[in-house]
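One-based numbering, in listed order, for ligands and for the atoms of each. Just the heavy atoms: all of them, side chains too, but no hydrogens, waters or symmetry mates, feed the values below.
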Amino acid sequence: MSLAGQLYKLQQLDLELQDKQQELSDVENKLGDNKALLAAETKLASQKEQLEDARKKQKSSEWGLDDLQEKIRQVDSKLYGGKTKDPKELVNLEKEVKGLKSQIRTKEDSLLGLMSQVEQIESDVRATVEESELLKREWAQIQETLGPRKGELEIELAGLKGGRSRLVQQIDSEAFNIYERIRLARGQAVVKVERGRCLGCHIAVPTSQWQKARAGDLIQCNNCSRILYLE
Ligand SMILES: [Zn+2]
């Protein structure tokens, strides 16, 4: 195989390596990306705290209401029990009942507000539970499919790297350095010549140049410096 042919083969290997490495890093990113799931779990924990808090407030409001209703029963029994005859005291008791009734109305309104708050948070919690279950299933599926793919890619990459270093050992070191330098600067280091043109820059290659390249000399394009390869 000509030197250019070896470098062309090396380039094919390098492109394959690059693709596999890219795929491996995409796979690793997906495997490690559980941000959405963590966010859903954090949201759920905070909603559950809110729910507990709101339920406590509701309970304490219900107890407050029970107390007021108990008080009103006691005053009512004094008012209508027949034991109290003093008109002044009766008027005071009526006033007290009126005051208690007004307190009860306020308390009932606030209890209704608290109850609808609890319902709202309960429905938020259900939605977040569903969301996080879905994300968990998706996460498990990603691990199941991409986990093995990661292993395959690692084996493929190790094989390609081994093949590359064996090939590099066979290549003249000066030619290899030229290849690496052009690859770094231009991405593609070795290009074919087709219909007398360099496929890297599409400029015509002088006949003498491509004839030398065909004969096996290491020839670089006068225009773009890429190594010319003729099969
Ligand atoms: Zn060129």
Could you pull out all donor-acceptor pairs under 3.5 Å where a side-chain atom in residues 129-140 meets a protein atom, sequence neighbours excluded?
residue, atom, partner, partner atom, Å
Glu131, OE1, Lys43, NZ, 3.1

| message | Just to verify, what does Glu152 make a salt bridge (Lys or Arg N to Asp or Glu O under 4.0 Å) with, not counting sequence neighbours? | response | Arg149
| field | Set of residues satisfying salt bridge (Lys or Arg N to Asp or Glu O under 4.0 Å) with respect to Arg181, sequence neighbours excluded | value | none
Test item: [X] side-chain N/O and [Y] main-chain N/O as donor-acceptor pair under 3.5 Å:
X: Ser102; Y: Lys98; result: no
X: Asn34; Y: Leu37; result: no
X: Thr42; Y: Leu38; result: yes

| message | Could you enumerate the protein N, O or S atoms under 2.8 Å from the Zn ion (ligand 1), written like residue then atom name? | response | Cys198 SG, Cys201 SG, Cys221 SG, Cys224 SG
